[in-house]
Protein chains: 2
Amino acid sequence: MTRVLIVDDEPQLLRALRINLVARHYEVALAADGGSALRQAAQFHPDLVVLDLGLPDIDGVEVVHGLRGWTAVPIVVLSGRAGSQDKIDALDAGADDYVTKPFDIEELLARIRAVTRRASPPEAQPARIRVGGHTVDLAAKTVSGDVRLTPTEWRLLELLLRNPGKLIGQRQMLTEVWGASYAKETHYLRQYMAQLRRKLEPDPARPVHLITEPGMGYRFTP
Amino acid sequence: MTRVLIVDDEPQLLRALRINLVARHYEVALAADGGSALRQAAQFHPDLVVLDLGLPDIDGVEVVHGLRGWTAVPIVVLSGRAGSQDKIDALDAGADDYVTKPFDIEELLARIRAVTRRASPPEAQPARIRVGGHTVDLAAKTVSGDVRLTPTEWRLLELLLRNPGKLIGQRQMLTEVWGASYAKETHYLRQYMAQLRRKLEPDPARPVHLITEPGMGYRFTP
DNA sequence: CGGGGGCGTAGGGAACCCGTCAAGATGCGG
DNA sequence: CCGCATCTTGACGGGTTCCCTACGCCCCCG
């Protein structure tokens with residue numbers, strides 16, 4: 001289920017988009033200004049952001065910058081401004097598409113499908129990975145042997161498992177899992193890595209797959 | 001250098017696009033109809049296709065289908081038809097973006113940058129470097145043969161390995177690894193270079209790859 | 001032949017980082 | 001309204017890494 005964050009200051013448009021997207025089985029979160037948009041993005045972890053440029057607090061292009069600072073989530077910009085320079089600025093800031101108001105809802109949905117298709121489905125493999133005595137399925141979000149993981153644990157584990165053998169810096173882990181404003185809270189890493197090891201490693205005190213690299217980050221070793 | 005295939009039946013537009021793209025250091029191939037477009041795509045292997053829908057032989061949407069049968073190359077559609085259904089059909093057929101004529105050339109270029117940016121950076125080769133009997137992967141921060149390096153050792157080694165054969169001055173090493181205020185603490189260099197040699201060189205007493213240039217600095221020799 | 005600067009090596013103290021336990025705060029569903 | 005799961009926050013012990021000092025060696029130079 002694709003998760004979409006819609007950012008717009010017109011309640012009417014928010015409502016219309018939400019209804020249309022929910023009807024097509026998207027999971028929807030809403031934000032009415034740039035500040036809450038950035039906050040929501042960090043908490044909700046959308047697979048797509050639909051962003052109006054005309055926000056009351058922050059300029060839309062700045063919101064794009066703020067998002068691109070720590071995430072590659074696809075961004076479709078909505079705007080009343082039809083000038084070429086506006087489009088160029090938004091696209092070069094990191095937006096993936098630019099739609100001018102008024103727009104046809106079906107066209108917007110098609111563009112959403114296009115950017116989502118481009119961003120998400122490179123891997124069609126089952127994505128089952130063995131960790132310790134368990135088998136992890138990242139797509140189905142399941143672990144064999146009656147092990148349950150919390151949402152935060154899943155995001156952390158997925159980041160590591162998608163980069164097997166590669167070291168992930170603690171700053172990257174914190175920004176991608178918790179958001180850019182948590183880049184220095186290394187305490188969370190110790191806390192949640194310990195939980196993952198307790199749930200997955202045969203001997204949590206002597207991890208074999210979830211390895212600590214002191215001073216740098218963590219690494220998943222198959 | 002990004003390779004672009006432009007498909008349009010108007011020689012004038014082909015020419016204008018080619019000039020603009022070549023001026024921006026794209027590599028350009030041209031096609032005037034759907035048949036040659038598909039042939040060119042197979043031979044030229046473009047990183048991006050700019051495709052006019054109004055072709056003399058095949059319908060543009062069919063060209064999109066033909067391309068998507070075997071390649072995921074980004075496709076930006078150009079079209080005189082501004083109807084929503086046309087856009088939806090093209091996007092759902094596999095196009096990445098849809099621009100209606102007449103269009104601003106700068107906007108098209110920005111959209112080209114956007115889809116190229118989204119499609120291109122997924123793959124980066126491991127970038128392994130052989131040092132002594134070991135293989136170093138700077139991206140994954142791994143060394144073959146159960147060798148572990150500390151963060152400072154990594155920073156130092158990375159600086160040398162990214163400039164193979166080139167002499168790195170002591171001042172530069174100290175400022176880049178330890179900071180500007182340590183620019184004269186040359187004994188740190190001796191300390192950590194010795195550690196790197198102990199961990200990487202076959203005979204640490206007679207280094208082959210991590211060479212001292214007395215009075216000047218150090219050099220990595222592949 | 002004696003002196004000095006640059007280099008390699010060794011060792012110890014301090015700071016930092018990590019793992020762990022525990023408890024408070026928050027949010028959600030019943 | 002309450003209970004449970006999850007997320008935050010704090011404190012402590014142990015280990016590693018880093019910083020710093022000291023010493024011996026070689027080469028260059030006087």
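A quick note: this is a predicted structure, and the numbers were derived from the prediction, not measured. Order of the sequence lines sets the chain letters (A, B, ...), proteins ahead of strands, with each chain counted from 1.
- Side-chain N/O atoms of A:Y218 include one lying less than 4.0 angstrom from OP1 or OP2 on C:dG19.
- Residue contacts for A:Q195: at a heavy-atom cut-off of 4.0 Å it reaches no nucleic acid atom on any strand shown.
- For C:dG8, the OP1/OP2 oxygens have no side-chain nitrogen or oxygen of B:R190 closer than 4.0 Å.
- Considering CZ of B:R155 and CG of B:L157, their distance stands at 12.5 Å, rounded to 0.5 Å.
- The salt bridge (charged side-chain N to carboxylate O under 4.0 Å, His left out) test with A:R111 is passed by exactly one of B:D97, B:D96, B:D92: B:D97.
- Here D:dT17 presents its P atom at 13 Å from CG of B:L196, a figure rounded to the nearest Å.
- Classified by interplanar angle (parallel below 30°, tilted 30° to 60°, perpendicular above 60°), the ring pair A:Y188/A:Y182 is tilted.
- Considering CD of A:E158 and CZ of A:F220, their distance stands at 13.0 Å, rounded to 0.5 Å.
- One interatomic measurement links the two molecules: CG of A:D203 to C1' of C:dG19, which rounds to 13 Å at whole-angstrom precision.
- Across the protein-nucleic acid pair, A:R197 atom CZ and C:dC18 atom P stand 10 Å apart, rounded to whole Å.
- In this structure, the OH atom of A:Y192 is 17 Å from the P atom of C:dC21, given to the nearest Å.
- At a threshold of 4.0 angstrom between heavy atoms, the contacts of A:Q43 with the nucleic acid are absent.
- Side-chain contact between B:I112 and B:Y26 is present, with heavy atoms from C-beta onward closer than 4.5 Å.
- At D:dC19, one or more side-chain N or O atoms of B:W178 fall inside 4.0 Å of OP1 or OP2 (strictly under the cut-off).
- Separating the CG atom of A:L149 from the P atom of D:dT6 is a distance of 10 Å, rounded to the nearest angstrom.
- Residue contacts shown for B:T212 are limited to sugar-phosphate atoms, with no base heavy atom under 4.0 Å away.
- For B:T152, the listed nucleotide lying nearest its side chain is D:dC18; candidates were D:dC18, C:dC7, D:dC7.
- Within 4.0 Å (heavy atoms only), A:T186 reaches no atom of the nucleic acid at all.
- Nearest nucleotide to the side chain of B:R198, out of D:dT6, C:dA10, C:dC7: C:dA10.
- Look at B:Q191 and you won't find any side-chain N or O under 4.0 angstrom from OP1 or OP2 of D:dT21.
- OP1 and OP2 of D:dT17 both lie 4.0 Å or more from every side-chain N or O belonging to B:T150.
- For D:dT17, one of the phosphate oxygens OP1 or OP2 lies less than 4.0 angstrom from a side-chain nitrogen or oxygen of B:R148.
- Computed from coordinates, the B:R206 CZ to D:dC26 C1' distance equals 15 Å when rounded to whole Å.
- A:Q170 places its CD atom 8 Å from the P atom of C:dC17, with the value rounded to the nearest Å.
- Going from atom OH of A:Y188 over to atom P of C:dG19 covers 17 Å, rounded to whole Å.
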